[in-house]
Amino acid sequence: MNSPAPFLHVGFILISLSNLFLIVFMLVLFAVALIAPFPHRIRHDRSDRRD
Amino acid sequence: MRHHRQISKKEYYRGVQMLPYDLIKELAIATGVMLVVVLVLAAVLSSPDEPSVTVQSWAKAAPLDYVTTATAELAGTAESAAYGPPYDQHHQGDDVQAIGPFAPQIWFGVHVPINAATDYVLQPLSESSPGDPQLAAALTEYRSASHAQQQSWLTAYTAALGKATVSGDTVNVPQGHYGPLPTMMDAMLELGRSGAMDGLLLSGQHFYQTDYSLPLMFMASGGYLAGLAHQYKMEGNQWGMMNETGSYPGQAWLWLYTFWYQIPPFLTATNADLIVVIIMGVLSIVLMLLPLIPGLRDIPRWVPVHRLVWRNYYQEIARVAASRQGPAPSATSG
Amino acid sequence: MTEQLAARRDAAAPTPAAPDAAGGMVEEPGWTAAVRRNLARRMPLTELLPSTQPAYVGSWVYVFGVTTIAALVWTIASGTILAFMGSAWWHTSALGHFVNSVHFWGAQMFFLFMVLHLWGKFWMASWRDGRAATWAVGVVIFLASIVTAFTGYLIQENFDSQWIAVNAKDAINATGLGGFFNVLNFGQMYGIHVMLMPIVVTLLVVLHILQVRTRGVVRPIGDPYTPTPETGGDTPEGRLEA
């Protein structure tokens, strides 16, 4: 990790792959949080409630 | 938006099914998982720690840059010598940032005074001149010369440094009329190489020192520190604010701040810093007051990300409405 | 915090008002009693630490707030160790460097989850129904955290700190504040990072959580049954009643 990071250079955009990875990871994590089913919530049948 | 403060939480939740939710257990699990995450990241990836530059390492690695900077400090042309407030009051020229008559840099005045010629050259040399008659004589000659004579020497010597060569421990300039400057600058280089300069720039009236304004401004005036920053792509025009030494992620949250410096007119504007600070200040206030700004606050209603977040609830509303066979209330009426 | 509040609530609960001679109820006079009544009304423990949540709180997006707090916990914990051991320790000790790494990644995770939390709350328009102040305090926390991280980068005592100080001074000097917030002054930045900003961020986070808990979780966008002062909280009978 102490060696220089590779950089992506497109037009005026210059970003280290480390930062790019971090940002892509955030976007993926956000998308997963939106899509993944959340456990133990919304019971259509109230007798199904858990404590 | 209006008047809802009058509703209690109980009233607000009315009609909504309440389900068990263990907040403290959630916090405990999150804290435990986060501990594992940071421990693993720390163990596997470590953290950046590129050693600091000292005046000594600068003078050794780039003696010509060091001597050129010291000469510029004496001549009053270095960044730290001609910066203007908050370092000195005498220069309020192109380096001071303003937007027309709006010039807070000048209004607030000098609070970290730097007298470049004295602080960086004359004072350190005179402190080290006892026991060095040649240097003492050179200092006396420089101090007793007329301003015009000093400028003449400095101009000639500065030009000569452009053609200088470095051999071993010395910087060699072509023959010329530089007065006492070669003696003084040789001594400056010696002070730098020995590490004495690092101490001399910190010694003030106090025993304890935590203020590195003087040595940092000295390094900022040279090209060595900036050259290293350029290698790490940490300069302003390299999106440098969000970059880090090594392969580590930097302050990625500064992406918008550093973005402005990459595009015209900020790319070349001499008052870019002031304009960008104002832009980011305004944008921060806009973000803070976003709930009150029509249009901006409506974006989440127009872009149906919320349909994913609350998809079960919206289905439930539709199901209940259908089972009651009444007219289904629109779930998007806002 | 919550213990104090609990104590105040318990003290206040039995005698929120006393019967007067005519048999009516009068509130105890005085500023202290007024503050106590206000706290007891706005922040009873059952409201601060509810064991149930509305059925619509059912998405992983809701988890980013608590993970941000978790990252803050470990950032402050590792920072406390670094403060105790002295600023030079982590440059010379392998254990010190590891603690610094925990601090570094803790801060990175704190920002990562704080921004995810911000994205989530934006797309849910969580400022609705009287929650604009909660959003505004959240933005202030974000800005205060940037100052905290910035001062942290300045006191690493390595090349990073030197360059960030030299590069950042121009922006702060341009505003005229460079003489008072001198990024070249290590001692000043050290005090601000180690003492002042952690207190500011922590207090703001506590305020933010109290705001969230006292108002409750905002209802889904477009929920046709959202109670208003006009409807008095009336909802169609039987629908989703617990």
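Every heavy atom of this structure was used, including side-chain atoms; hydrogens, water molecules and symmetry mates were not. To find a chain, count down the sequence lines: A is the first, B the second, and so on, and within it residues start at 1.
Counting heavy-atom pairs closer than 4.5 Å to chain B, the top residue among C/Trp60, C/Phe142, C/Tyr62 is C/Tyr62. Per-residue heavy-atom pair counts under 4.5 Å with chain C were compared for B/Gly250, B/Gly236, B/Ala103, B/Ala98, and the maximum is reached by B/Gly250. Of the listed residues B/Pro48, B/Gly32, B/Ser284, the one with more heavy-atom pairs under 4.5 angstrom with chain C than any other is B/Pro48. Interface summary for chain C: among B/Ala30, B/Ala220, B/Ser213, the most heavy-atom pairs under 4.5 angstrom belong to B/Ser213. Contact tally against chain C (heavy-atom pairs below 4.5 Å) for B/Asp49, B/Leu216, B/Leu290: the top residue is B/Asp49. Of all the listed residues (B/Val33, B/Thr245, B/Val53, B/Leu39), the one sharing the greatest number of non-hydrogen pairs under 4.5 Å with chain C is B/Val53. Note: C/Trp123 leads C/Phe186, C/Trp123, C/Tyr190 in heavy-atom pairs under 4.5 Å with chain B. Between chain B and the options C/Ala77, C/Ala168, C/Ser101, heavy-atom pairs under 4.5 Å are most frequent for C/Ser101. When each of C/Thr67, C/Val61, C/Asn167, C/Asp160 is scored by its heavy-atom pairs under 4.5 Å with chain B, the top score falls to C/Asp160. The candidate from B/Leu228, B/Val37, B/Leu214, B/Asn271 with the greatest count of non-hydrogen atom pairs under 4.5 Å with chain C is B/Leu228.
In this structure, the side chain of B/Lys9 engages the main chain of C/Glu47 through a donor-acceptor pair within 3.5 Å. Put simply, the side chain of B/Trp310 never gets that close to the backbone of C/Ile221: no donor and acceptor are under 3.5 Å apart. With B/Trp253 contributing its side chain and C/Gln108 its backbone, the two residues share no donor-acceptor pair below 3.5 Å. Looking at B/Tyr13, its side chain does come within 3.5 Å of a backbone N or O of C/Val217 through a donor-acceptor pair. A donor-acceptor distance shorter than 3.5 angstrom exists from the side chain of C/Trp135 to the backbone of B/Leu287, with no hydrogens or angles considered. No side-chain donor-acceptor contact under 3.5 Å links C/Gln53 to the backbone of B/Leu19. A donor-acceptor pair is defined here as one N or O able to donate and one able to accept, closer than 3.5 Å; such a pair exists between the side chain of C/Arg219 and the backbone of B/Tyr12.
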- [ ] Evaluate the criterion side chain to side chain contact (heavy atoms under 4.5 Å, CB included) for residue pair C/Asn182 and B/Asp211; output intermediate values, then yes/no.
- [x] CA-CA 9 Å; C/Asn182 179 8; B/Asp211 184 357; 4.1 Å; yes
Task: Step-by-step side chain to side chain contact (heavy atoms under 4.5 Å, CB included) determination, B/Thr31 to C/Trp74 - done: CA-CA 8 Å; B/Thr31 308; C/Trp74 296 118; 3.4 Å; yes
TODO: Please assess C/Asp223 against B/Tyr313 for the test side chain to side chain contact (heavy atoms under 4.5 Å, CB included), listing each intermediate value before the final yes or no.
DONE: CA-CA 9 Å; C/Asp223 182 351; B/Tyr313 185 79; 2.6 Å; yes
- [ ] Would you check, one step at a time, whether the test side chain to side chain contact (heavy atoms under 4.5 Å, CB included) holds for C/Tyr56 with B/Tyr314?
- [x] CA-CA 9 Å; C/Tyr56 54 76; B/Tyr314 292 134; over 6 Å; no
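The side-chain tip of B/Arg301 does not point at the ring of C/Phe122 from less than 6.0 angstrom away and within 45° of straight on.
Residues C/Pro54 and B/Gln17 fail the side-chain proximity criterion, which asks for heavy atoms closer than 4.5 Å. In this structure the side chain of C/Phe159 reaches within 4.5 angstrom of the side chain of B/Leu225, judged on heavy atoms. In this structure, C/Trp127 and B/Pro300 have side chains that are in contact, with non-hydrogen atoms separated by less than 4.5 Å. With contacts defined as side-chain heavy-atom distances shorter than 4.5 Å, the pair C/Ile69/B/Leu27 qualifies. Under the 4.5 Å side-chain criterion, counting only non-hydrogen atoms from C-beta, C/Lys169 is in contact with B/Met217. Looking at heavy atoms from C-beta onward, B/Leu41 lies out of side-chain contact with C/Phe104 at the 4.5 angstrom threshold. Side-chain contact between B/Tyr212 and C/Val183 is absent, with no heavy atoms from C-beta onward closer than 4.5 Å. The shortest distance between side-chain heavy atoms of C/Phe180 and B/His111 falls below 4.5 Å.
There is a side-chain donor-acceptor pair under 3.5 Å between C/Asn100 and B/Ser47.
Looking at C/Gln188, neither its backbone nor its side chain comes within 4.5 Å of chain B, counting heavy atoms on both sides. For chain B, the nearby part of C/Glu157 is the backbone; its heavy atoms alone come within less than 4.5 Å. Heavy atoms closer than 4.5 Å to chain B are found nowhere in C/Val99, neither backbone nor side chain. For B/Ala28, no part lies near chain C; criterion is any non-hydrogen pair under 4.5 Å. Contact of C/Ala125 with chain B is made through backbone and side chain together, with heavy-atom distances under 4.5 Å. If you measure heavy-atom distances from C/Met109 to chain B, the contacts under 4.5 Å come from the side chain alone. Contacts between B/Ile29 and chain C at a heavy-atom distance below 4.5 Å are absent for every atom of the residue. For C/Val73, the part lying under 4.5 angstrom from a heavy atom of chain B is the side chain only. Looking at B/Val303, the atoms closer than 4.5 Å to chain C (heavy atoms on both sides) sit in the backbone and in the side chain alike. Residue B/Pro215 does not touch chain C at all, counting heavy-atom pairs closer than 4.5 Å. For chain B, the nearby parts of C/Asp170 are the backbone and the side chain; heavy atoms of each come within less than 4.5 Å. Contacts between C/Arg41 and chain B at a heavy-atom distance below 4.5 Å are absent for every atom of the residue. Neither the backbone nor the side chain of B/Trp107 comes within contact range of chain C; no heavy atoms are under 4.5 Å apart. Looking at C/His91, the atoms closer than 4.5 Å to chain B (heavy atoms on both sides) sit in the backbone and in the side chain alike. B/Ala43 touches chain C through backbone and side chain together, each having a heavy atom under 4.5 Å away. With a 4.5 angstrom heavy-atom cutoff, C/Thr214 touches chain B only via backbone atoms. When heavy atoms are compared at a cutoff of 4.5 Å, C/Ile164 approaches chain B solely by way of its side chain, counted from C-beta outward. The parts of B/Glu235 that come within reach of chain C are both its backbone and its side chain, each placing non-hydrogen atoms under 4.5 angstrom from that chain. Only the side chain of B/Tyr232 comes within contact range of chain C, with at least one heavy atom under 4.5 Å from a heavy atom of that chain. Heavy-atom distances place both the backbone and the side chain of B/Val309 under 4.5 Å from chain C. Heavy atoms closer than 4.5 Å to chain C are found in both the backbone and the side chain of B/Pro249.
Closest approach of C/Pro224 and B/Ile317 over heavy atoms only: CD-CD1, 3.8 Å. Between B/Pro86 and C/Gly178, the closest heavy-atom pair is CG-C, 4.2 Å. Contact detail for B/Glu26 and C/Val63: the closest heavy-atom pair is OE2-CG2, 3.8 Å. The shortest heavy-atom contact between B/Leu274 and C/Ala174 is CD1-O, 3.4 Å.
Using bins of under 30°, 30° to 60° and over 60° for the plane-to-plane angle, the ring pair C/Trp105/B/Tyr248 lands in the tilted bin.
The environment of C/Trp119 atom CH2 is dense: over 12 non-hydrogen atoms of other residues, nucleotides or ligands sit within 6.0 angstrom.
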